[in-house]
Structures are given as structure tokens and as C-alpha cells.
Amino acid sequence: MQQKSEHDSSGFRINWIDLIDNDTGVVVWHTNENYALPDIEHEAIIPRQILDCRAVTRTTNFSFMHRINHFKAKHKEFLQGDCIEEFEYEFGTVFAGLVVNWETTFERRQEITSSFANVISGDLRIETNFFDGDKLITTSNVIMFFE
């Protein structure tokens, strides 16, 4: 069951996200959509060739209107409803007005290539919960589609 946000999430914003092919440095996908908006199931349409990249770096740009004393994120990836990956990140204190880039590198699983794009398209969901200590700020839910 999803926790209810205890903070006003209007002070936290995702400004943009890039997915970059590590081998070429090319931005394969970019969005300016604010994926921090709660209670929305966002949809991301990603080029299928990203599944052939050896490694991809996701850069997420955040901004904060209010100080957050212990900023952390819990990231989960679900394929057909089953959790296949889970990560937790600790950022510490972030100050009001601060803009932060969060970079995460993902290495491709050998069994997943662009030939699986039609199989996993619409069945891959990314859930990221953002916290100030133990208090939920917002939850980002993104359904991944591959074209």
C-alpha cells in the first residue's frame, strides 16, 4: 500500500531527466515533465535502442523551495508487477533554492535487448518515493513504453 504524502510536495520539483548512452555520451531520451507530481501515473516513451546500450546513465535534475533536513529516495522497478530492482539513496541536507543533479548508472542485463521492447513495453513501472527523514514528500510513478 502506498503511503500518503505528509509534506506539501509543491516545494520539491523534478525539472528534467536525461537518459544517456554511456558508450557514446549521446542523450537517448529527455523530458521536462515534473515526475514529482503525486497521484499521477506518468508515461515515458523511450526509444527501444536504449535496451541495447551496455550502460545508461540517468541524470535527474531536482529543485527545492524548502529546506529538507534528510533527503532520501527509495527507487523500485517492477516488471509485470514483480519487483526486479530496488535501491535506496541518501542525499542528506538540501537547502531551499538548491538545484541538484542525481546521476545513476544502470548496466544492461544480458537477457534484455531491444528485441524484448514489445514484451516489456507498458509492463515496466518505476516507483520512486522521496522522503525527508521518514516523512514522505511525494511518490513518482512512471510506466515505461518502448518504441
Supply the atom-to-atom distance M65 CE to L98 CG, rounded to the nearest 0.5 angstrom.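 The CE atom of M65 sits 14.0 Å away from the CG atom of L98.
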Euclidean distance, K135 NZ relative to H70 NE2, rounded to 0.5 Å: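 Going from NE2 on H70 over to NZ on K135, the span is 13.5 Å.
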Side-chain donor-acceptor contact under 3.5 Å, [X] with [Y]:
| X | Y | value |
| --- | --- | --- |
| E85 | H75 | no |
| T104 | W102 | yes |
| S140 | T128 | no |
| T59 | D18 | no |

Kindly give the heavy-atom pair with the smallest separation between [X] and [Y], and that separation in Å.
| X | Y | value |
| --- | --- | --- |
| H42 | L37 | NE2-O, 3.5 Å |
| R54 | N22 | NH2-CB, 4.3 Å |
| I17 | R58 | CG2-CG, 3.8 Å |
| D21 | C53 | OD2-SG, 3.4 Å |
| T138 | L136 | O-CD1, 3.6 Å |

Using atom types as modelled, flag every donor-acceptor pair under 3.5 Å from a side chain in residues 112-122 to any protein atom, sequence neighbours excluded.
residue	atom	partner	partner atom	Å
T113	OG1	S115	N	3.4
T113	OG1	S115	OG	2.8
S114	OG	D52	OD1	3.3
S114	OG	D52	OD2	2.7
N118	OD1	R48	NH2	2.8
S121	OG	F146	N	3.0

Side chains of T139 and E127: closer than 4.5 Å at any heavy-atom pair?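 T139 vs E127: side chains touch.
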Kindly indicate whether the side chain of L19, heavy atoms from C-beta on, has any atom under 4.5 Å from the side chain of I50.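 They are in side-chain contact.
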What residues join F145 in its hydrophobic cluster, counting side-chain heavy atom gaps under 4.5 Å, either direct or through other members?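 Besides F145, the hydrophobic cluster comprises I45, I143, listed by chain and residue number.
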Does the pair Y89 and F71 meet the rule for a ring pair (Phe, Tyr, Trp, His ring centres under 6.0 Å), with working shown? CA-CA 9 Å; Y89 303 92; F71 184 56; over 10 Å; no
Cluster link V142 to F78, ILVMFWY, side chain under 4.5 Å: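 The answer is no; the residues belong to distinct hydrophobic clusters.
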Per the salt bridge (charged side-chain N to carboxylate O under 4.0 Å, His left out) rule, what does the pair list look like for residues 67-84, sequence neighbours excluded?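 For residues 67-84, and leaving out neighbouring residues, the salt bridge (charged side-chain N to carboxylate O under 4.0 Å, His left out) pairs sorted by first residue read K72-D134.
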Verify the ring-centre separation between F62 and F130: is it less than 6.0 angstrom?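 Between F130 and F62, the centre distance is under 6.0 Å.
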Tell me whether N61 contacts the main-chain N or O of N101 through its side chain, where contact means a donor paired with an acceptor under 3.5 Å.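 No: the side chain of N61 does not pair with the backbone of N101.
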Pick one: which of V94, T93, I137 meets side-chain contact (heavy atoms from CB on, under 4.5 Å) with D132?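 Running side-chain contact (heavy atoms from CB on, under 4.5 Å) over V94, T93, I137 with D132 returns exactly one hit, I137.
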